[in-house]
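In each ligand, atom 1 is the first atom listed, and ligand 1 is the first ligand listed. Just so you know, residue 1 is the first one in the sequence shown, and it goes up from there. Just so you know, these numbers come straight off a predicted model, no measurement behind them.
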Amino acid sequence: THVVTENCIKCKYTDCVDVCPVDCFKEGPNFLIIDPEECIDCAVCVPECPAEAIFAEEDVPADQQEFIQINAELCASENYKTITKRKAALEDADEWNGQSDKLQYLVR
Ligand code: F3S
């Protein structure tokens, strides 16, 4: 599977969802996740993300490993719904892009 990591939090650019052939993204209040049961590892979303937040599971950086579990868990959250079309990024997305320690702001 592929995994959405920390830099998506508070950005949510959503360019990723437009290219997904299997509609495996789910949207929460300030983050997107990839449903590991649906992702076919095509990788087309990876270069689309302006925040460079998407990685193949085997390439997830060491300090982002917990996001593998977070994607899988939030898949079942009632706050996360399938998203198939791009929408406006969150307000201040450009200011949050690249900031560290954003996990504390994740709305599950
Ligand atoms: Fe998030 Fe990047 Fe998609 S910021 S919503 S993973 S384009």
> Judged by non-hydrogen atoms, does K12 sit under 4.0 Å from ligand 1?
Replying inline: yes
>> Closer than 2.8 Å to atom 2 (Fe) of ligand 1: does that hold for any N, O or S atom in C45?
In response: no
> Hey, which atoms in ligand 1 end up nearer than 4.0 Å to a heavy atom of C49?
Replying inline: 2 (Fe), 4 (S), 6 (S), 7 (S)
> Can you find a side-chain donor-acceptor pair between D94 and Y13 that sits under 3.5 Å?
Replying inline: yes
>> Between T5 and I54 (side chain of the first, backbone of the second, donor and acceptor by atom type, cut-off under 3.5 Å), is there such a pair?
In response: no
> For ligand 1, which atoms have a heavy atom of T14 less than 4.0 angstrom away?
Replying inline: 3 (Fe), 5 (S), 7 (S)
> Under 3.5 Å, is there a donor-acceptor pair linking the side chains of N30 and K12?
Replying inline: no
> Can you name the one residue among C16, C24, C75 that meets side-chain contact (heavy atoms from CB on, under 4.5 Å) with I34?
Replying inline: C24
> So which protein heavy atom does atom 4 (S) of ligand 1 come closest to, and at what separation?
Replying inline: Y13 N, 3.5 Å
> D15 heavy atoms, cut-off 4.0 Å: which ligand 1 atoms fall inside?
Replying inline: 7 (S)
> Heavy-atom distance to atom 7 (S) of ligand 1: which of A93, C8, C11, C16 wins?
Replying inline: C16
>> Quick test of your reading of the model: are E95 and K10 salt-bridged, counting only N-O distances below 4.0 Å?
In response: no
> In ligand 1, which numbered atoms sit nearer than 4.0 Å to a non-hydrogen atom of P50?
Replying inline: 7 (S)
> When you check the gap from the basic side-chain N to the acidic O, do R86 and D15 get nearer than 4.0 Å?
Replying inline: yes
> For ligand 1, is any non-hydrogen atom under 4.0 Å from I54's backbone (N, CA, C, O), its side chain (CB onward), both, or neither?
Replying inline: side chain
>> Donor-acceptor pair, distance only, cut-off 3.5 Å: does the side chain of E48 make one with the backbone of V19?
In response: no
